[in-house]
Enquirer: 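Let me begin by handing over the structure; questions about it come next.
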Amino acid sequence: METLEGEKPETGRKIWRQVISGAVLIAFSVAILVTSWNYSTGSLQQMGPGYMPHVIAYALILMGLGIIVADLRDTSPHYAEPMHWRALIFVSAAVLVFVALIEPAGLVPAMFCAVAASKLANKRSSLLSIVIYSAAVTLAGYLLFIVALGLPLTVFGR
Amino acid sequence: MIDQFLLGLSVVLQPEVLMYAFFGVFLGQVIGVLPGVGAITAISLLLPVTFYLDPTSSVILLAGIYYGSQYGGAIASILLNLPGTPSSVVTCLEGYPLARSGRAGFALLITALSSFVGSMIGVVVVVLAAIPMAAFALKFGAPEYTMLVALGLVAASLISSGSQLRAFSMALVGIALGMVGSDASTGQYRFVATDALADGISLVSLAMGLFGLSEIIRNAANSEARKSKIQLSFKDIFPSKAELRSLVAPVGRGATIGSFFGALPGTGAAIASFMSYAFERRVSRTPEKFGKGHLPGLCAPEASNNAAAQTSFIPTLTLGVPGDAVMALIIGALILNGIIPGPRLIVDEPELFWGVIASFFVGNIILLIINIPLIGIWVRLLSIPYYRLYPAIVLLICVGVYSHRSSVTDVVLTLVFGLIGYIMKRYRFEPAPVLLGFVLGPMLEENFRRTMLLYGGDFSVFVTRPISAVLVGCGALLLGFTLLSAFISHRRALKAKHQQGGSYSV
C-alpha cells in the first residue's frame, strides 16, 4: 500500500543523494573485509572460512561502484515520500520498550506498554483510545500466547 | 502417483492437520484482503509458531497462507482498485471497471472460479511433475546444485521489477548475512559480534524486520479509512453458459503460463499474472476491449497467478531450492523443524511431501467454499483502517521473535533490520532478494566448496557435466536476453528524447 499523497520530486540534484546507495554498499563490503581479514582463506581446492566472505565482499564492492555509476548517469526524477519520522520513532520505541520490560516485568506489562507506544505512531490517538485499545490487544495477546499457544513466557515479572 | 496422492490425502484428512490447512487458507484469504499485510509478513509472523507444530502441519499452514492470499488479493483489486498482493495488480485493470459498471458480485465470483480452476491445474502439474523431478534431482551433484542456486539468485535479480544491479547486490548482502555464525565445514565462528549471534542471524528476525516492521513504519501514519464506493449487489452474479464457455480457453492459457513461470526459479505469481495478461491481449481478436472490464483479461491472470502459486512448490519440495522469498521462508520452516529439504524428501518423508501436495487440493476447495458465501465478511475486513491494525502486528512481531529463541538480541536485531529495510526501500533497494540470498547463501557456499574440493579447483566441471552445462546455458541466455532488452529500451528512450528535442544528459 503506497500513498501518493505528500510525495514530492527530489529537487536539486544533490550529489550525495546520488552516490550514497553505492557508497553504503561499499562501506558494508569493506566492513566485511576488515572483519574477515584474519579468517584463513585457504586455496581454491581447500577453501577456508574466509574464502567466500572475501569473494562476496569484492563482488559487492564491484556492485557498489556499478550502482554509483548508474545513479550518476540516471537523470529520471525519482519520487521519494517524506520520511515517516513519527512512525519511525514510536515503532522503534515500542520494540525497545518491549525489550526492556519482557524479562524484568513479564509479558503482560511489556505487551501493554509496547502497544501503547506503537499507537502513538499515528496522530489519531487520544489518551483514552490508547488505554482502551492497548488493554484490549493485551488481553487478546494473553489469550493467544499464554492460553491458546501455551508459550513458556513469564506473564508477570518476579 | 495416484497411490502417493491418496497417501497424502489420508494425511490431510486427519482432523488436526485439516484444521491447520483450514486455518492456513483462511488466514491467507484474510491477509490477502487486509491492507498493508502481505503473505511474507504473515508467514514470517507464524514461523515461530510452527516450532510447536509437527513439520507437516507447519508447511501445510504456511503454504495455505501463501496460496490463500492469492484469492484474497483479488477482492481488494476489484472493489477498491488497490491490489491486495503484488500478483493481483493486473486484476485491477479489468476487475475494477467491471465492478464500477455494477457487476462487482459477478466479477468476484468469476475471479474465485478462475482462481480455483487455475490452482487445480497447478496442483495437477505439481502431482505429475513431483516424482520425475525428484528422480531427476537425485542425479544432481555438488556442481549442479552450485549452478542451480547461482541461477536462482541471478534469475531473481534479473527478473526483478527495479534495477537489476540493485537486486543482485541485495542478494549478495543476503548471502553475507547468511554467513554469520559458525562455518559449516570448519566450525570456525564468523562475524559473531556477540554470543547471541553464535547460531547465526535468525531467519525470523530478518524476515519480520525487513518485511514486517519496515512496512509498519511506512504506513503507520496513514489515517485514512478505505471505503469502497462500489455497491455490492448479488443480482445476476452467475455467468451464463455462453460466458463460461468463452472463458475456458483464457483460463487454460493463463494456468499454463502460470504453471510454467511458477516452477522457474526467480519468477513467481506476480510475473505470471503480468505475462498472462499481456499474452491474452496479444491473442485477443478484440484487444480494444481490454481495460474496460473484459472478462478474459480478468480470468487469465487470476488463473495464472494461482497456478504459479502452486507450481512454485515444485523446485522447493523436490530440489530444496526456493525460487522466491516466500519459498525461502517455507524452506526455513522445514530447516527449523529439523528436516533437510532436497531430493531425498520425497523418499524419506513421503507423508510430509504428499501431505503438503494433497493439502493444496483440499485447501483450494476450502477457499472456493469460503470465498463467495463469506463475501460480506471480506468486504468488512477491507474497510479496517491500517491504524487499528498495526499496533497488534508490532506486538505479534515482538512476541513472535522473542518466543522463538527467548533472545532479547533477536528482537533488537529485528528492529535494526526494520530500520534498514525502511531506508533501503527509500533508496530503491528491494528486500526480497536479501531473504532469498540469506537462505540460498549457505547452500551456495557449501556446494561450491564441495565442488572445488572434489574436482581440484577446476571450473570446467561446470560446463563439462551435462546438467550443469544446461543450467549455465540458461543463465547465459537469461543474461543475454536482459542485456539485449535493456539495450533496446535504452535506444528507444534516446530516440524519443531526440524527437522531443528536449535537452538531456546521459
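Numbers restart at 1 for each chain; the letters A, B, ... are given by sequence-line order, proteins then strands. Quick caveat: nothing in here was measured; it's all calculated off a predicted structure.
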Enquirer: So which residue, B:Val173, B:Ile397, B:Val412, B:Asp458, ends up with the most heavy-atom pairs under 4.5 Å with chain A?
Expert: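 Most pairs with chain A among the choices: B:Val173.
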Enquirer: Which one, B:Tyr455, B:Phe168, B:Phe429, leads in non-hydrogen pairs under 4.5 Å with chain A?
Expert: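 Greatest number of close heavy-atom pairs with chain A: B:Phe429.
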Enquirer: As an exercise: rank B:Leu415, B:Asp183, B:Val411 by heavy-atom pairs under 4.5 Å with chain A and give me the winner.
Expert: B:Leu415
Enquirer: Determine whether a donor-acceptor pair (N or O, by modelled atom type, separation under 3.5 Å) exists between the side chain of B:Tyr390 and the backbone of A:Lys119.
Expert: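 Checking the backbone N and O of A:Lys119 against the side chain of B:Tyr390, a donor-acceptor pair under 3.5 Å is found.
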Enquirer: Does any heavy atom of chain A fall under 4.5 Å from the side chain of B:Phe459, the backbone, both, or neither of them?
Expert: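 Interface part for B:Phe459: side chain.
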Enquirer: Ring centres of B:Phe191 and A:Tyr39 under 6.0 Å apart?
Expert: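 Judged by ring-centre distance (under 6.0 Å), B:Phe191 and A:Tyr39 do meet the cut-off.
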Enquirer: Using non-hydrogen atoms and a 4.5 Å limit, figure out which bit of B:Ile423 sits close to chain A: side chain, backbone, both or neither.
Expert: side chain
Enquirer: Given side-chain contact (heavy atoms from CB on, under 4.5 Å), test A:Met47 with B:Phe448 step by step and report yes or no.
Expert: CA-CA 10 Å; A:Met47 281 182 228; B:Phe448 183 51; 3.5 Å; yes
Enquirer: Counting only non-hydrogen atoms closer than 4.5 Å, does B:Leu453 touch chain A with its backbone (N, CA, C, O), its side chain (CB onward), both, or neither?
Expert: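 Both parts, backbone and side chain.
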Enquirer: Let me know if A:Leu25 has heavy atoms under 4.5 Å from chain B in its side chain, its backbone, both or neither.
Expert: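 It is the side chain, since no backbone atom gets that close.
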Enquirer: Please classify the contact between A:Leu144 and chain B as side chain, backbone, both or neither, with a heavy-atom cut-off of under 4.5 Å.
Expert: side chain
Enquirer: Show, in sequence, the C-alpha distance, side-chain angles and deciding distance for A:Arg17 and B:Tyr427, and conclude whether the side-chain contact (heavy atoms from CB on, under 4.5 Å) test is met.
Expert: CA-CA 9 Å; A:Arg17 261 188 162 285; B:Tyr427 287 94; 3.8 Å; yes
Enquirer: For the atom pair CG (A:Asp71) and CZ (B:Arg428), what is the distance rounded to the nearest 0.5 Å?
Expert: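 Here the interatomic distance stands at 5.5 Å.
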Enquirer: Okay, side chain of B:Tyr402, backbone of A:Phe98: is any donor-acceptor separation there less than 3.5 Å?
Expert: no
Enquirer: Side chain, backbone, both or neither: which part of B:Leu419 has a heavy atom under 4.5 Å from chain A?
Expert: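 Contact with chain A is through the side chain of B:Leu419 alone.
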Enquirer: Checking A:Ile67 against chain B: side chain, backbone, both or neither under 4.5 Å from a heavy atom?
Expert: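 Its backbone and side chain both get close to chain B.
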Enquirer: Looking at B:Tyr422 and A:His84, would you say the former's side chain and the latter's main chain have a donor-acceptor pair under 3.5 Å?
Expert: yes
Enquirer: B:Ser185 versus chain A, heavy atoms under 4.5 Å apart: side chain, backbone, both or neither?
Expert: neither
Enquirer: Check whether any side-chain heavy atom of B:Ser403 sits under 4.5 Å from a side-chain heavy atom of A:Phe145, and report yes or no.
Expert: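 They are not in contact (no side-chain heavy atoms under 4.5 Å apart), so the answer is no.
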Enquirer: Please classify the contact of B:Val401 with chain A as side chain, backbone, both or neither, using a heavy-atom distance under 4.5 Å.
Expert: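 For B:Val401, there is no contact with chain A at all, as no heavy atom is under 4.5 Å.
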Enquirer: Ignoring hydrogens and geometry beyond distance, is a side-chain donor-acceptor pair present between B:Arg190 and A:Ser36 at under 3.5 Å?
Expert: no
Enquirer: With a 4.5 angstrom heavy-atom cut-off, which part of A:Ile20 approaches chain B: side chain, backbone, both or neither?
Expert: side chain
Enquirer: Measure A:Phe28 against the heavy atoms of chain B and call it side chain, backbone, both or neither at under 4.5 Å.
Expert: side chain
Enquirer: Examine whether an atom of B:Thr409 lies under 4.5 Å from a heavy atom of chain A, and if so say whether it belongs to the side chain, the backbone or both; otherwise answer neither.
Expert: neither
Enquirer: Select one option (side chain, backbone, both, neither) describing which atoms of B:Gln188 are under 4.5 Å from chain A's heavy atoms.
Expert: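 Only the side chain of B:Gln188 comes within 4.5 Å of chain A.
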Enquirer: For residues A:Met63 and B:Ser169, report the shortest heavy-atom separation together with the two atoms involved.
Expert: CB-CB, 3.8 Å
Enquirer: Which atoms of A:Leu60 come close to chain B, meaning under 4.5 Å heavy atom to heavy atom: side chain ones, backbone ones, both, or neither?
Expert: both
Enquirer: Between A:Ala70 and chain B, with a heavy-atom cut-off of 4.5 Å, which part of the residue counts as in contact: side chain, backbone, both or neither?
Expert: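 Just the side chain, heavy atoms under 4.5 Å.
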Enquirer: Identify the heavy atoms of B:Pro391 and A:Val115 that sit nearest to each other, and give their distance.
Expert: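 Closest pair (atom of B:Pro391, atom of A:Val115, distance): CB-CG1, 3.9 Å.
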Enquirer: With no hydrogens and no angle check, is any side-chain donor or acceptor of A:Asn122 less than 3.5 Å from a backbone partner on B:Ala220?
Expert: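 Checked: pair present.
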Enquirer: Please say which of B:Leu396, B:Val394, B:Leu395 ends up in a side chain to side chain contact (heavy atoms under 4.5 Å, CB included) with A:Val137.
Expert: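 That would be B:Leu395.
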Enquirer: First locate atom SG of B:Cys398, then atom CD1 of A:Ile102, and finally report the distance between them rounded to the nearest 0.5 Å.
Expert: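 B:Cys398 atom SG to A:Ile102 atom CD1 measures 9.0 Å (nearest 0.5 Å).
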Enquirer: Run B:His404 and A:Leu151 through side-chain contact (heavy atoms from CB on, under 4.5 Å) and show every step you take.
Expert: CA-CA 10 Å; B:His404 174 44; A:Leu151 297 188; over 6 Å; no
